[in-house]
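Below is one structure; the comments refer to it alone.
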Number of protein chains: 2
Amino acid sequence: MATDAADLTPTTAPNAVTGVSDRLWSSVLAQEIPFLLARSRAVTSSEANRRLAEVDLKVRTYSVLSLACSGMKPSQRELCDFLDLDPSQVVALVDELQNRGAVLREADPKDRRSRLIVGTPAGRRLLRRATALTDKATQHTLNPLDSQEQEVLRDLLTRVCFQS
Amino acid sequence: MATDAADLTPTTAPNAVTGVSDRLWSSVLAQEIPFLLARSRAVTSSEANRRLAEVDLKVRTYSVLSLACSGMKPSQRELCDFLDLDPSQVVALVDELQNRGAVLREADPKDRRSRLIVGTPAGRRLLRRATALTDKATQHTLNPLDSQEQEVLRDLLTRVCFQS
DNA sequence: TATTGTTATACTCTATAACTATA
DNA sequence: TATAGTTATAGAGTATAACAATA
């Protein structure tokens, strides 16, 4: 399935579904939930990436920034586990945000190996701008669903993600 | 967000959520639908890839094979549009399946530029085995939802994907 | 002039292994 | 002996451009 790569998908046709190949939506593949999840994810993340370009962020850096500014002081290891990323990737993402002055690596008083990632005031300002952009992206891609349906979707997905 | 890469995630902890970083599930990021979509997609596609390895397929090749065997005779261009892939990627995927004798490129009587992708008998046999595997994967990852909830999820995702 | 499929190339993302400093 | 973070490197995935054949 497609990924973040399709950042340049035009807003007017975010899923590139319009046109000659609509007929394939009647295939059995199109009824399979894993396929629909992959497609929905591609649509939402490419739209979000497209908008986040305005503040020079992507969904991955946005996610790290959001957690850094949450007040929860996650360690890099926690970011790895929660975002399902390799340690080396988290190093790169945190480096990038730190170079921009958006986050800091704090010492962990309980474990000198560990680094706690926290947002700076500038990072929180950046996050506010970014959140406004991702909100708009979400509003756009989830437009077919009313707010109650969005709540249902959120609940169902949370339970799929957060299983034992 | 994470991707197919985590194919080796153990079955007993498909989302790697268990453990020390559960606390981050109370963050605002974890409430955002785009994040949940990305996470759900990572869980389902890595589980599917893990199982499809038994027949030496991945979700991408499985998708092409499924459409090829649908009887709908999609052109490569249609596969590009529908799967949101670059033409060059579809060439590679079809090449791989053709080398395995699973699909054929047929001439399009209406357009000599176009190649129609159709499954061979061997391809249909392969698809049957693959579908049994992906069904098991889906059953596993969607286990938290009952069948009615799965129907609701399918409907909501379809509407997100299939907007204007 | 535009489109389908193809090839070649570069770039991004991801996985793996090795290393350090701590535990 | 195991873990957190780091670095380096290779691989997979993806985007871009150019081309031939056809429309």
Side-chain angles (χ1 to χ4, degrees), chain A residues 1-10 16 19-21 38 41-42 45-46 49-50 53 57-61 63-64 73-96 98-99 103-117, chain B residues 1-9 16 19-21 38 41-42 45-46 49-50 53 56-61 63-64 73-96 98-99 103-117:
Chain A
M1 177 45 50
T3 66
D4 300 349
D7 289 351
L8 302 176
T9 307
V20 67
S21 47
R41 178 264 184 178
S45 80
S46 69
N49 275 332
R50 202 181 60 80
L57 288 174
K58 296 191 176 184
V59 287
R60 301 254 301 287
T61 37
S63 299
V64 171
K73 297 200 173 189
S75 70
Q76 291 191 191
R77 164 57 50 185
E78 287 179 308
L79 294 177
C80 291
D81 293 343
F82 190 66
L83 298 175
D84 203 16
L85 296 172
D86 273 23
S88 57
Q89 298 175 55
V90 171
V91 168
L93 294 170
V94 171
D95 279 351
E96 181 184 334
Q98 190 174 40
N99 289 338
V103 306
L104 289 176
R105 285 173 163 96
E106 273 189 5
D108 183 347
K110 294 175 185 159
D111 185 340
R112 286 200 293 172
R113 294 172 304 179
S114 172
R115 314 294 208 94
L116 306 184
I117 310 306
Chain B
M1 179 46 49
T3 68
D4 299 348
D7 289 352
L8 302 177
T9 307
V20 67
S21 47
R41 178 263 183 180
S45 80
S46 69
N49 276 331
R50 202 181 62 79
D56 202 29
L57 288 174
K58 296 190 175 184
V59 287
R60 301 253 301 287
T61 37
S63 299
V64 171
K73 295 200 174 188
S75 70
Q76 291 191 191
R77 165 57 50 185
E78 287 178 307
L79 294 177
C80 291
D81 292 344
F82 189 66
L83 298 175
D84 204 16
L85 297 171
D86 273 23
S88 58
Q89 298 176 54
V90 171
V91 168
L93 294 170
V94 171
D95 279 350
E96 180 185 334
Q98 189 173 39
N99 289 338
V103 306
L104 290 175
R105 286 174 162 96
E106 272 190 6
D108 184 345
K110 294 174 184 158
D111 186 341
R112 284 201 293 173
R113 295 172 304 180
S114 172
R115 314 293 208 95
L116 306 184
I117 310 305

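Every chain is numbered from 1, with letters handed out A, B, ... down the list of sequences.
- In this structure, the side-chain contact (heavy atoms from CB on, under 4.5 Å) partners of A:Asp108, at least two apart in sequence or on a different chain, are A:Lys110, A:Asp111, A:Ser114, A:Leu116.
- Taking atom CD of A:Glu96 as the reference point, atom C1' of D:dT6 lies 17 Å away to the nearest angstrom.
- The separation between B:Leu79 atom CG and C:dT4 atom C1' is 13 Å, rounded to whole Å.
- Atom pair B:Asp84:CG and D:dG13:P shows a separation of 16 Å (rounding to whole Å applied).
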Sugar-phosphate or base contact per nucleotide [nucleotides 18-23 of chain D; S, B, -; heavy atom under 4.0 Å] | ---BBS
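- Shown here are the salt bridge (Lys or Arg N to Asp or Glu O under 4.0 Å) partners of B:Asp56, two or more places apart in sequence or in another chain: there are none.
- Between D:dG13 and B:Lys58, a contact under 4.0 Å exists linking OP1 or OP2 to a side-chain N or O.
- Without hydrogens or angle criteria, B:Thr61 side chain to B:Leu57 main chain gives no donor-acceptor distance under 3.5 Å.
- With sequence neighbours left out, the side-chain contact (heavy atoms from CB on, under 4.5 Å) criterion links B:Arg105 to B:Gln76, B:Val91, B:Val94, B:Asp95, B:Gln98, B:Arg115, B:Ile117.
- B:Leu83 is listed as a side-chain neighbour of B:Val64, based on a closest heavy-atom distance under 4.5 Å.
- Among the nucleotides D:dT16, C:dC13, C:dT6, the one closest to any side-chain atom of A:Arg60 is C:dC13.
- Distance, B:Gln89 CD to C:dA10 P: 18 Å, rounded to whole Å.
- Rounded to an integer number of Å, the gap from CG of A:Asn99 to P of D:dT6 is 12 Å.
- Listed by chain and number, the residues in a side-chain hydrogen bond (donor to acceptor under 3.5 Å, both in side chains) with A:Gln89 are A:Arg60 (sequence neighbours excluded).
- Rounding to whole angstrom units, CG of residue B:Asn49 and C1' of D:dG11 are separated by 15 Å.
- Note on A:Ser75: only backbone sugar-phosphate atoms sit closer than 4.0 angstrom, heavy atoms only; bases stay farther off.
- Counting to the nearest Å, the C1' atom of D:dG5 and the CD atom of A:Glu78 are 14 Å from each other.
- At D:dG5, one or more side-chain N or O atoms of A:Ser114 fall inside 4.0 Å of OP1 or OP2 (strictly under the cut-off).
- Atom CG of A:Asp81 and atom OG of A:Ser75 lie 8.0 Å apart (nearest 0.5 Å).
- A sub-4.0 Å separation between OP1 or OP2 of D:dA4 and a side-chain N or O of A:Arg77 is present.
- Note: CG (B:Leu93) to P (C:dT6) measures 12 Å, nearest angstrom.
- Look at B:Arg105 and you'll find a side-chain N or O under 4.0 angstrom from OP1 or OP2 of C:dT6.
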